[in-house]
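Working notes, beginning with the structure itself.
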Amino acid sequence: MLVREMMTTDVITVGPTDPVRRAVRTLYEHGVTAAPVLDERGRLVGIVSEMDLLRGEFERDPRSSARIVLGHSAPVPYTVADVMTSEVTTVAETTDVTAAIDLMVCKRVKSLPVSRNGRVVGMLSRRDLLALLARPDEDIRADVLAALREQYPSGPSWEVRVCDGMVELRGRHAGRTDDIADLLARTVPGVARVRHLQ
């Protein structure tokens, strides 16, 4: 699977000079956990997450401690630029999803901006990946059959079974036909593994 097949293309963005509270409302209203920060020319200059936006927004409740604590220890951040991460890891639309997952794990991020020629064209989040894994087996089977019929409209045919994203192709055919069928099945969203049985 490639990133372009899973990414969200309707990207919610914020600007570096946006007030923190406006950015909080933007993320909350759109149900996203992070947003790319774009400058006035549309260039990616950072990314801001829910956790970034929470920094400094709450004061200590005096009821939580026997000691009275007065004043702020640090000024409250006002703009997105005050809290955003400037060094952003991005992926391309043609990046393999497994490589994107490795990046998320390694960098400990929940979302990755997808860029093309320096412009943000999508976002890939853990939620997108979970949606892929949550696809029903019946939908995966139907897509595998459709891919095989498109490639081989007049035959040969395979019996296709899917269980928890594992695809079983039954049937033996000459030459590279079986190899191509395996490859086609692996391109279907939600397929975890493909096994070919006689």
Side-chain angles (χ1 to χ4, degrees), residues 1-60 71-135 139-140 143 146-147 150 183-184 186-192:
M1 296 265 349
L2 301 179
V3 165
R4 69 175 173 230
E5 296 167 311
M6 300 186 55
M7 69 184 190
T8 299
T9 54
D10 187 16
V11 183
I12 305 303
T13 65
V14 296
T17 60
D18 288 352
V20 165
R21 283 297 172 101
R22 185 190 304 163
V24 167
R25 285 191 293 272
T26 298
L27 267 65
Y28 182 77
E29 288 167 5
H30 290 91
V32 295
T33 60
V37 183
L38 306 183
D39 67 12
E40 63 280 352
R41 294 183 182 175
R43 293 176 304 193
L44 182 65
V45 294
I47 191 164
V48 69
S49 70
E50 292 170 318
M51 191 55 65
D52 296 329
L53 294 170
L54 286 173
R55 268 191 258 159
E57 285 299 307
F58 293 94
E59 282 191 19
R60 182 182 297 274
H72 291 291
S73 57
V76 176
Y78 179 69
T79 67
V80 168
D82 296 331
V83 296
M84 72 181 191
T85 300
S86 299
E87 293 181 21
V88 186
T89 302
T90 64
V91 291
E93 296 163 285
T94 54
T95 301
D96 190 287
V97 167
T98 57
I101 292 169
D102 288 344
L103 268 176
M104 286 179 169
V105 171
C106 181
K107 300 282 186 178
R108 296 183 179 185
V109 295
K110 294 182 180 180
S111 304
L112 291 169
V114 183
S115 66
R116 180 195 314 139
N117 300 325
R119 298 285 180 190
V120 175
V121 294
M123 283 290 281
L124 181 69
S125 70
R126 291 193 295 198
R127 189 157 197 72
D128 296 324
L129 298 167
L130 287 175
L132 181 72
L133 295 177
R135 285 194 77 205
D139 293 355
I140 295 171
D143 287 352
E150 184 179 338
L183 289 172
L184 288 171
R186 290 175 206 280
T187 66
V188 171
V191 170

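Any value given below was found using the heavy atoms of this structure, including those in side chains, with hydrogens, waters and symmetry copies removed. The chain is numbered in sequence order, starting from 1.
Between Val20 and Thr79, every side-chain heavy-atom pair lies at or beyond the 4.5 Å cut-off. With a 4.5 Å cut-off on side-chain heavy atoms, Ser115 and Leu44 do not count as touching. Residues Leu124 and Met104 meet the side-chain proximity criterion, which asks for heavy atoms closer than 4.5 Å. Contact of the Leu103 side chain with the Val91 side chain is registered, since non-hydrogen atoms from C-beta on lie closer than 4.5 Å.
Contacts of Leu133 classified as side-chain contact (heavy atoms from CB on, under 4.5 Å), with partners at least two apart in sequence or in another chain: none. With sequence neighbours excluded, no residue forms a salt bridge (Lys or Arg N to Asp or Glu O under 4.0 Å) with Arg186. Residues passing the side-chain hydrogen bond (donor to acceptor under 3.5 Å, both in side chains) test with Thr8, sequence neighbours excluded: Asp128. By the salt bridge (Lys or Arg N to Asp or Glu O under 4.0 Å) test, Arg135 is found to be paired with Asp143, residues two or more places apart in sequence or in another chain being considered. For Asp52, the side-chain contact (heavy atoms from CB on, under 4.5 Å) test picks out Val48, Ser49, Arg55, Val83, Thr85, with sequence neighbours left out. The side-chain hydrogen bond (donor to acceptor under 3.5 Å, both in side chains) search around Thr13 returns none, not counting sequence neighbours. Applying the side-chain contact (heavy atoms from CB on, under 4.5 Å) rule to Ala99 yields the partners Thr95; only residues at least two apart in sequence or on another chain are considered. For the side-chain hydrogen bond (donor to acceptor under 3.5 Å, both in side chains) test, residues two or more places apart in sequence or in another chain that qualify with Arg43 are Asp39.
Annotation: the span from Leu112 atom CG to Thr89 atom OG1 amounts to 7.0 Å, rounded to 0.5 Å. How far CE of Met6 is from CZ of Arg127: 12.5 Å, rounded to the nearest 0.5 Å. Ile47 CD1 to Ser86 OG: the interatomic distance, rounded to the nearest 0.5 Å, is 11.5 Å. Note that the CD1 atom of Ile101 and the CG atom of Leu129 stand 5.0 Å from one another [nearest 0.5 Å].
For residues 27-38, there are no side chain to side chain donor-acceptor pair (under 3.5 Å) pairs, not counting sequence neighbours. Within the structure, salt bridge (charged side-chain N to carboxylate O under 4.0 Å, His left out) contacts touching residues 92-118 (residues at least two apart or in different chains) are Glu93-Arg116.
The shortest heavy-atom contact between Pro189 and Leu132 is CB-CD1, 3.3 Å. The shortest non-hydrogen separation linking Val80 to Ala23 is CG2-CB, 3.6 Å. Across every non-hydrogen atom of Val45 and Pro16, the tightest pair is CG2-CG, 4.3 Å. Nearest heavy-atom pair across Pro36 and Met123 is CG-SD, 3.6 Å.
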